[in-house]
Amino acid sequence: MGCGRVGASLAQSLEDNGHSVAVVDQNPDAFRRLDADFGGNKVTGMGFDRDTLTQAGIEDAFGFAAVSDGDNSNILAARVVRETFGIDNVVARIYDPHRAEIYQRLGIPTVATVRWTAHQVLRRLLPMGATDEYRDPSGQIQLAQVDVHDGWIGRPLRVLEEAAGVRIAYLTRYGDGVLPAPDTVLQENDIVHALYRADDAAFVERTLTHAPVVTE
């Protein structure tokens, strides 16, 4: 639902990967954003209207993405699709980060556009910190890419885990994903992806972005 720049790009990507796609938008002119050879179904109407969704083929759908420019429309459409048509794979784009947290807790996966963009900008302005990659539906557990001070290089990952109270889910090493073993040691240029409680984020960042405390 939504044939803006995000919706059009998403629809094209899905079709290019061999999927059958239907796009719903209340403005028929929005479909001009799609490539001329787009073969999917283009349906004019409100994305939370049951008749419109049925016309788009929702009863046979594997997934539904609500990516219009309205938070209320997106979340309403996502709930109708999930609760009325029983579609499990549903995601809604939400601009308001506070709303996104609420709907996430209700079990509707959201993409918080403003928060994600702000994190990406901050990461480039202030590279030492953490960037959210995933949060569980309750919003209490997060997976984040955490910058690590050079002073931790050469130390076993278990030392980082104990110091920061995290669980290191995986590393990115020279572009490859690495699942850590008990004896894995942090190497230069490793990217650390850690799991921890959201309430502990400030402590985790403070611990890992500074040199380790040396005890006698």
Side-chain angles (χ1 to χ4, degrees), residues 6 9-10 13-14 16-19 62-65 82 87-94 97 100-216:
V6 172
S9 177
L10 179 60
S13 296
L14 287 167
D16 291 346
N17 281 285
H19 298 284
F62 175 79
F64 177 79
R82 169 167 283 185
I87 306 300
D88 292 327
N89 299 302
V90 175
V91 63
R93 178 175 69 170
I94 304 295
E101 289 183 4
I102 293 171
Y103 293 128
Q104 192 83 17
R105 291 174 184 175
L106 291 175
I108 299 176
T110 61
V111 177
T113 305
V114 172
R115 173 173 288 168
W116 183 87
T117 303
H119 280 163
Q120 295 302 310
V121 172
L122 280 172
R123 186 163 187 82
R124 286 155 179 78
L125 288 173
L126 307 169
M128 291 299 282
T131 302
D132 271 11
E133 297 179 312
Y134 173 79
R135 290 205 183 198
D136 81 305
S138 73
Q140 297 178 29
I141 305 298
Q142 68 185 67
L143 172 67
Q145 178 181 320
V146 185
D147 291 317
V148 177
H149 191 278
D150 287 346
W152 294 98
I153 294 173
R155 295 173 181 259
L157 294 183
R158 55 182 168 76
V159 175
L160 280 72
E161 291 181 327
E162 292 171 2
V166 304
R167 179 173 299 171
I168 296 177
Y170 69 100
L171 302 173
T172 301
R173 181 172 287 174
Y174 303 116
D176 294 326
V178 176
L179 289 175
D183 58 349
T184 301
V185 172
L186 187 70
Q187 296 182 10
E188 188 175 3
N189 297 320
D190 279 353
I191 299 174
V192 174
H193 305 267
L195 283 164
Y196 50 88
R197 292 185 59 83
D199 291 343
D200 297 334
F203 174 76
V204 172
E205 290 187 33
R206 186 167 61 249
T207 301
L208 295 182
T209 58
H210 291 78
V213 177
V214 178
T215 56
E216 296 295 338

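We count residues from 1, following the sequence as given.
When all heavy atoms are compared, the tightest approach of Y174 to E188 is OH-O, 4.4 Å. Minimum interatomic distance between A169 and P180 (heavy atoms only, all atoms of both residues): O-CD, 3.5 Å. A164 and V204 get closest at one heavy-atom pair: O-CG2, 3.6 Å. Considering all non-hydrogen atoms of both residues, Y196 and A201 come closest at CE1-CA, 3.7 Å. Of all heavy-atom pairs spanning A198 and R135, the tightest one is CB-NH1, 3.7 Å.
In this structure, the separation between CD on E161 and CG on L208 is 10.0 Å, given to the nearest 0.5 Å. To the nearest 0.5 Å, the span separating CG on N189 from CG on D150 amounts to 9.0 Å. Y170 contributes atom OH, which lies 7.5 Å from atom CD of Q145 (distance to the nearest 0.5 angstrom). Taken to the nearest 0.5 Å, the CG atom of N89 stands 4.0 Å off from the CZ atom of F62. Atom CD1 of residue I153 and atom CZ of residue R155 lie 11.0 Å apart, to the nearest 0.5 angstrom.
Side-chain contact check for R173 versus T184: some heavy-atom pair is nearer than 4.5 Å. Residues V192 and L171 have side chains in contact (heavy-atom distance under 4.5 Å, counting atoms from C-beta outward). In this structure, V166 and L160 have side chains that are not in contact, with every pair of non-hydrogen atoms separated by 4.5 Å or more. I141 is listed as a side-chain neighbour of R197, based on a closest heavy-atom distance under 4.5 Å. Proximity of L143 to E133: side-chain heavy atoms (C-beta onward) are separated by under 4.5 Å at one or more points.
Between the R82 side chain and the D88 main chain, a donor and an acceptor come within less than 3.5 Å of each other.
When the options D190, V185, T207, L157 are evaluated for a side-chain contact (heavy atoms from CB on, under 4.5 Å) with W152, the one that passes is T207.
Using modelled atom types, one finds no donor on one side chain facing an acceptor on the other under 3.5 Å when comparing Q142 with Y134.
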